[in-house]
Structure formats: structure tokens, C-alpha cells
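Some notes on the structure that comes next.
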2 protein chains.
Amino acid sequence: MIKFSRKTEYALIAIQYIANKGITEFSTAKEISDNYNISYELLAKILQRLAKNNIITSTKGVNGGYKFLKSPDDVTLSEIIESLNESYALTRCLKKNRPNKTDCQIADCCTLKNPVAIIQNRLNIFFDDITIRHLM
Amino acid sequence: MIKFSRKTEYALIAIQYIANKGITEFSTAKEISDNYNISYELLAKILQRLAKNNIITSTKGVNGGYKFLKSPDDVTLSEIIESLNESYALTRCLKKNRPNKTDCQIADCCTLKNPVAIIQNRLNIFFDDITIRHLM
DNA sequence: TACAAATAAGACTAAATTTGTCGTATATAA
DNA sequence: TTATATACGACAAATTTAGTCTTATTTGTA
Ligand code: SF4
Ligand code: SF4
């Protein structure tokens, strides 16, 4: 199945919300989770991850929250997905970081590998070209 | 996660195999499953589905099997995915056939819905443009 | 006609992944 | 000192995907 995970979907909703507030005002996890009826704990973790990967910046404590620093034109969908530790690799053999042993067993004889790599390249461009601006 | 399911992956491998044999020779499920070390039963079901949806044609009995009728240029990745009852709808709200009650609960207040629909349109074109020829 | 090879179809189980929860720690403004 | 907010990781529940098993049907050939 080709689809956004909830994690990605919630991240995009939150990013859109934060982006629309401009670069001065803070948004809190609670504020967003209330607004969209998303589990607070879940969304909080997602925002933490985005902050850790510098998609957004965070400020702790009272009156803190999250906001944007970068221009919405400079943050791509690729970056967002990757910062969530998600992937848009169409097949196992195309995953960047795969230190796990769950690798493909038939990679040796697989004739799909090469053609699918070409499709993957086109998909990479696709996701690189979509920015937060497209959500605003 | 954006990725091909095994079902799709196996389907593509099989289709590639069948397509490369031309339009005269038959390929059997056993032949393909042996060649690529794919579970026979699983692959068989996939091929049955592809046949049911006229991606390939099937002939029962001894010396039977599957082969192509259409030109590889005329079968798109979209059609293959859909014929397997899989989807490339990025979000729940974008699924074509969703008579189930597992619909999105926050669709009313969701501000991501519209921008994601535009991205979906571009993705549809992406998958419509890839044909079996791209696997050969 | 009997048999073997092959597709057809669906129920069922197992495995993997995703989604969501909980508890605890840390920082900061008032 | 307290309330508010992020940070982080372990865990549990739910869902989806992957794989197996069983039975039926079709068809060429010995
Ligand atoms: S090697 Fe082939 S079967 Fe294995 S993951 Fe890559 S494309 Fe899929
Ligand atoms: S309405 Fe919004 S949250 Fe619901 S599925 Fe569509 S995009 Fe996702």
C-alpha cells in the first residue's frame, strides 16, 4: 500500500498549522491536538521528532511551544518523512539505512530491482519537489 | 509508509517474467514461484487476481498457464495496483471505494484534505505514466 | 477413462507493522 | 514553588500484511 502513515499525516497537519502562524507565534502540542482531535501524546512525540530534526524549533516551559524558522519553501516532503524515520522506498532493496537482517532474500536473482530503482528515482524527485508551501 | 506491498512486488516480478516471454508462450505459477523463491500459493492467488482483472489471460489444465494479450505499453502501474485491490491513495479521505465505517473522524475540520488532494492528483499521473514496458 | 497438471477461490493463521498509551524527566516563566 | 510545556523511551492494543491450507474445476494425454 502506498499511503501516508498517521504519523506523517499528523505531522503535515501540525506543520501546516504552525506554518500558517508565521515565524513569531508559538504553537503548542496541546493546542494542535485539541484543534484537530489528535491524540496529544502521539502528536507530542511527532513534534518532538520534527524538532529534533530541525524541521521546527522548540521552546520548553511556560509560553513555549513550537514554531518555524525556515521558509516554508525550504522544507520538503522528503525531509519531513525522513525526519519521522519513515521511508518512501518502494522496495526493501531501496532502503537507505537497513542494518537489519530483514533484507530481501531473493535480491540475487531479482530482475525487478533495476527497473524499480529507476521508478524510485522519479519518486524521489516527486517528493523533493513538494514543500510546506504546498500545504498553505 | 510509502512502499509496494509484497503482493504488488510479486505481481510486478511475475508480470515482468510473463511479459518477457512474449505473447505466445505460457508461464505457470509454479515456474515463476520456483524461479524467484516466492511462495507458490501466494503467487498463485496474485496471478489469479491479475487474470480476473484482465491484466493477463489464463488457461487451465495441462500445458496451461498465464500469458499476455495486451501490449506492455498499455498496462499501467495504476491498473496493476488497483486490480490487486490495493491502493495508492495517500490518505483515507482520498480512497475511491470506502463503504467501510473506518472513515476519517476529523475530515470536517481537516485543513490538510485539500492540499493533499492536489498532491494525490500528481501522484495519480505518476502511476498512470508507468507501464509494464518500464519493467522490460 | 483415469490421471496429472494447472488454474480458481476462499477461509484461516501467523507475523509484522502501525497506532496509541503511560510514566518519568527536564526546562522555564510567573 | 507551581503550572505549563517539551523530551524520551517502554509498553500495549489494534490493524494490516503475508503466508498457509483446503477444496473445486478444467483439460491434455496415456
Ligand atoms: S530485490 Fe527484488 S524482490 Fe527484493 S526487495 Fe528488491 S525489488 Fe523486491
Ligand atoms: S480528512 Fe485530513 S486527516 Fe482525514 S484522512 Fe483526509 S487528510 Fe487525513
Side-chain angles (χ1 to χ4, degrees), chain A residues 1-11 14 18 25-34 37-67 81 84-87 89 91-92 95 100-106, chain B residues 1-11 14 18 25-34 37-67 81 84-87 89 91-92 95 100-106:
Chain A
M1 291 286 194
I2 310 276
K3 67 171 178 188
F4 288 145
S5 69
R6 296 290 168 93
K7 217 157 97 180
T8 302
E9 222 175 290
Y10 296 158
I18 295 167
E25 212 176 334
F26 280 110
S27 309
T28 68
K30 175 137 189 24
E31 183 185 339
I32 300 173
S33 76
D34 279 352
N37 265 92
I38 300 172
S39 151
Y40 166 76
E41 290 87 356
L42 189 50
L43 181 66
K45 272 204 311 191
I46 291 167
L47 290 167
Q48 282 160 28
R49 201 137 207 181
L50 291 172
K52 203 175 183 181
N53 287 83
N54 293 109
I55 305 289
I56 51 183
T57 55
S58 66
T59 303
K60 282 186 179 178
V62 178
N63 300 330
Y66 300 95
K67 68 178 179 184
I81 291 172
L84 294 170
N85 246 339
E86 304 243 296
S87 152
T91 59
R92 285 155 289 166
K95 277 201 182 160
N100 49 345
K101 282 284 178 193
T102 29
D103 251 343
C104 178
Q105 304 298 312
I106 66 173
Chain B
M1 290 285 194
I2 309 277
K3 69 172 177 188
F4 288 144
S5 68
R6 296 290 167 94
K7 218 156 98 179
T8 301
E9 220 174 290
Y10 295 159
I18 295 168
E25 214 177 332
F26 280 110
S27 309
T28 68
K30 176 143 190 19
E31 183 185 340
I32 301 173
S33 76
D34 279 353
N37 266 90
I38 300 171
S39 152
Y40 166 76
E41 291 86 354
L42 189 50
L43 181 66
K45 272 205 310 190
I46 291 167
L47 290 168
Q48 283 159 27
R49 201 135 206 186
L50 291 173
K52 203 175 183 181
N53 287 82
N54 294 110
I55 304 291
I56 52 182
T57 55
S58 66
T59 303
K60 282 185 176 179
V62 179
N63 301 331
Y66 300 95
K67 68 178 178 184
I81 291 172
L84 293 169
N85 246 337
E86 304 242 297
S87 151
T91 59
R92 286 155 288 166
K95 278 203 180 156
N100 50 346
K101 281 284 175 192
T102 30
D103 252 343
C104 178
Q105 304 298 313
I106 65 174

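As the structure is a computational prediction, the values presented were derived from the model and not from experiment. We name chains A, B, ... by the order of the sequence lines, and we start the count at 1 in each one.
- The two residues A/Ala29 and A/Leu43 come nearest to each other via the heavy atoms O-CD2, 3.6 Å.
- In this structure, NZ of B/Lys3 is placed 6 Å from P of C/dT18, rounded to the nearest angstrom.
- You'll find that the side chain of A/Glu41 is closest to C/dT21, out of D/dG19, C/dT21, C/dA8.
- Considering only side-chain N and O atoms, A/Tyr66 lies under 4.0 angstrom from the phosphate OP1 or OP2 of D/dA7.
- Checking B/Thr59 against A/Asn63, the closest nucleotide of DNA chain D that is more toward the 5' end is the one next to A/Asn63.
- Each of B/Glu9, B/Lys3, B/Arg6 was checked for a side chain to side chain contact (heavy atoms under 4.5 Å, CB included) with A/Thr91, and the lone residue meeting it is B/Glu9.
- Nearer the 5' end of DNA chain D, as judged by each residue's closest nucleotide, is the contact made by A/Lys30, out of A/Met1 and A/Lys30.
- One atom, CZ of A/Phe4, and another, C1' of C/dT17, lie 19 Å apart when rounded to the nearest Å.
- Here the side chain of B/Val62 is nearest to one of C/dG10, D/dT27, C/dG20, namely D/dT27.
- The separation between A/Lys67 atom NZ and D/dA5 atom P is 16 Å, rounded to whole Å.
- Put simply, the side chain of A/Thr57 gets close to the backbone of A/Lys67: a donor and an acceptor are under 3.5 Å apart.
- Using a 4.0 Å cut-off, some side-chain N or O of B/Tyr10 falls inside it from OP1 or OP2 of D/dG19.
- Going from atom CZ of B/Arg6 over to atom C1' of C/dA15 covers 11 Å, rounded to whole Å.
- When rounded to the nearest whole Å, the span between NZ of B/Lys60 and P of D/dA24 equals 13 Å.
- Atom CD in B/Glu9 sits about 13 Å away from atom C1' in D/dT17, given to the nearest Å.
- Note on B/Ser58: a side-chain N or O is less than 4.0 Å away from OP1 or OP2 of C/dA8.
- In terms of phosphate contacts, B/Ser5 brings no side-chain nitrogen or oxygen within less than 4.0 Å of OP1 or OP2 of D/dT16.
- A/Leu42 places its CG atom 14 Å from the C1' atom of D/dC11, with the value rounded to the nearest Å.
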